[in-house]
Participant: 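Okay, handing you the structure first.
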There are 2 protein chains.
Amino acid sequence: MRLTTKGRYAVTAMLDLAIHARQGPVSLSDISGRQAISLSYLEQLFAKLRRNGLVESIRGPGGGYRLSRQDHEINVAEIVDAVNETIDATRCNQKGDCHDGEKCLTHHLWMDLSDQIHGFLSGISLNHLVDRRETLEISRRQGRKGERISALAEED
Amino acid sequence: MRLTTKGRYAVTAMLDLAIHARQGPVSLSDISGRQAISLSYLEQLFAKLRRNGLVESIRGPGGGYRLSRQDHEINVAEIVDAVNETIDATRCNQKGDCHDGEKCLTHHLWMDLSDQIHGFLSGISLNHLVDRRETLEISRRQGRKGERISALAEED
DNA sequence: CGTATTACCCAGTAATTCAGTCAACTATTG
DNA sequence: CAATAGTTGACTGAATTACTGGGTAATACG
């Protein structure tokens, strides 16, 4: 489980997609304009998102991308994994050599920790984030500051 | 909140420190040997850990590093932040320009998510990891496979 | 049909980060 | 004083990030 700016770009773009889903397919140049991410970089990211079955593409004028599932069926962990997609063998890759205990234990420990984070992010769907955004926008219109996020990662 | 191999190295090294704390200061070359991390890279990491007040150094023969707090008072988030230590201004750094709503909202959203992850890792102390390790080691000696980690990030 | 629009694909590239090396220095112990 | 061990800084190759540009393929529309 890696967590870099690349993952953030992907989540941001997917969120933009979810928000503008009602007006039909969303073109990458729209996202590029709104989110200030370069078009070609978006192309790279969406190629991976598409290969991982998170989005579908519609070609031609008026085309673009749309979510291939409902926004509550797509979680943050999937998005991050899709764009990273290196299965991080972590120097001792299960099978061999690392049997002198000490190393393998701390290594195994990190894997557990990584699993925990993964599980945590799996509990946060795009839908959660969209809802959160609407709350924020309303409070912005009313001139208040957004309250602290409450049940972002609640159980299903 | 970034999560890369750099952070994992730091956590692993700190864990090693916590485990061998009873035998006095631990030298970097010991950690280097046990955890297979290059000595000079450890020096870089520990310089940051020291500047952030997570470890203390003892010079001279028999010297090395020790935790500057109890292992249950140091959490994983601190360690990761210490070695990353770029406060990631995220292109729109609070104050300015990003007032056209759209951008700032999704940006703010990511910050929230990042906070959530941070809070999660804050709940996991070095002590948790040491305990977990001991459990693992016992089950290893007994030839069983380690059970799934149970209450890794429980409340205090 | 032709053209504009959009996805798709590939090659390259500047900037940054990662992971590690090397060398010189300072403080401490014995 | 000599040996040990931390401290600092400059530097490097490799990988990754973020981005540019050029070209192709599909589709809608006049």
Side-chain angles (χ1 to χ4, degrees), chain A residues 2-13 17 20 23-33 35-52 54-68 80 82-91, chain B residues 1-13 17 20 23-33 35-52 54-68 80-91:
Chain A
R2 265 188 307 173
L3 217 51
T4 63
T5 52
K6 191 174 190 173
R8 187 177 64 220
Y9 278 129
V11 173
T12 302
L17 208 58
H20 298 89
Q23 299 98 308
V26 180
S27 74
L28 291 190
S29 58
D30 283 356
I31 299 178
S32 173
Q35 306 301 333
I37 308 171
S38 91
L39 180 59
S40 308
Y41 196 45
L42 278 176
E43 285 176 357
Q44 284 180 42
L45 296 178
F46 273 80
K48 291 181 176 181
L49 293 172
R50 198 174 64 92
R51 277 197 290 274
N52 286 79
L54 294 177
V55 296
E56 290 170 353
S57 63
I58 297 96
R59 290 188 166 192
Y65 286 90
R66 86 177 84 160
L67 301 179
S68 53
V80 173
V83 296
N84 286 340
E85 74 175 342
T86 42
I87 310 132
D88 194 17
T90 349
R91 104 171 36 202
Chain B
M1 190 79 210
R2 264 187 308 173
L3 218 51
T4 62
T5 52
K6 192 173 190 173
R8 186 177 64 220
Y9 279 129
V11 173
T12 303
L17 208 58
H20 299 90
Q23 299 97 308
V26 180
S27 75
L28 292 190
S29 56
D30 283 356
I31 299 177
S32 173
Q35 305 301 332
I37 307 171
S38 92
L39 179 60
S40 310
Y41 197 45
L42 279 176
E43 285 173 357
Q44 285 180 39
L45 297 178
F46 273 80
K48 292 181 176 181
L49 293 172
R50 199 175 66 91
R51 277 198 291 273
N52 286 78
L54 294 177
V55 296
E56 290 169 353
S57 64
I58 298 97
R59 290 186 165 194
Y65 286 89
R66 88 176 83 157
L67 301 179
S68 53
V80 172
D81 282 342
V83 296
N84 285 341
E85 75 175 341
T86 41
I87 310 132
D88 195 17
T90 348
R91 102 171 36 202

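Order of the sequence lines sets the chain letters (A, B, ...), proteins ahead of strands, with each chain counted from 1.
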Participant: Without decimals, in angstroms, what is the distance between A/L3 CG and D/dT17 C1'?
Facilitator: 15 Å
Participant: Please pick, from C/dA27, D/dA18, C/dT5, the nucleotide with the shortest atom-to-atom distance to any side-chain atom of A/P61.
Facilitator: C/dT5
Participant: Which part of the nucleic acid does B/I58 contact within heavy-atom distance under 4.0 Å: base, sugar-phosphate only, or nothing?
Facilitator: sugar-phosphate
Participant: Just the rounded figure in Å: distance from C1' of C/dT16 to NZ of B/K6.
Facilitator: 11 Å
Participant: Could you state the CD-P distance from A/Q44 to D/dT20, rounded to the nearest angstrom?
Facilitator: 11 Å
Participant: Think A/R50 has a side-chain N or O under 4.0 angstrom from the OP1 or OP2 of C/dC9?
Facilitator: yes
Participant: Any side-chain N or O of B/T4 less than 4.0 Å from the OP1 or OP2 oxygen of C/dC18?
Facilitator: yes
Participant: Any donor-acceptor pair under 3.5 Å linking the side-chain atoms of A/S38 with those of A/S40?
Facilitator: no
Participant: Is the distance from OP1 or OP2 of C/dT6 to the nearest side-chain N or O of A/S57 less than 4.0 Å?
Facilitator: no
Participant: Report the distance from atom CG of A/L45 to atom P of C/dA7, rounded to the nearest whole Å.
Facilitator: 14 Å
Participant: With a 4.0 Å cutoff (strictly under), does any side-chain N or O of A/Y41 reach OP1 or OP2 of D/dA18?
Facilitator: yes
Participant: Rounding to an integer number of Å, can you tell me how far B/N84 CG sits from C/dC18 C1'?
Facilitator: 11 Å
Participant: Which nucleotide wins on minimum distance to the side chain of A/R2, given the candidates D/dT16, C/dA19, D/dT27?
Facilitator: D/dT16
Participant: Would you say a side-chain N or O of A/Y65 is under 4.0 Å from OP1 or OP2 of C/dC8?
Facilitator: yes
Participant: Which is true for A/V83 with a 4.0 Å heavy-atom rule: it touches a base, it touches only sugar-phosphate, or it touches nothing?
Facilitator: nothing
Participant: Which nucleotide sits closest to the side chain of A/S38: C/dC18, D/dC19, C/dG20?
Facilitator: D/dC19
Participant: Is there side-chain contact between A/Y65 and A/I31, with at least one heavy-atom pair below 4.5 Å?
Facilitator: no
Participant: Check every strand shown and say whether B/S27 touches a base, only sugar-phosphate, or nothing at a heavy-atom separation below 4.0 Å.
Facilitator: sugar-phosphate
Participant: Is the backbone N or O of A/R8 less than 3.5 Å from a side-chain atom of A/T12, with the two atoms forming a donor-acceptor pair by type?
Facilitator: yes
Participant: Ignoring hydrogens and angles, does a donor from either the side chain of B/E43 or the base of D/dG6 sit under 3.5 Å from an acceptor on the other?
Facilitator: no
Participant: Considering non-hydrogen atoms only, spot the tightest contact between A/R50 and A/S57 and give its length.
Facilitator: CD-OG, 3.8 Å
Participant: So B/L39, base contact, sugar-phosphate only, or nothing? Heavy-atom distance under 4.0 Å.
Facilitator: nothing
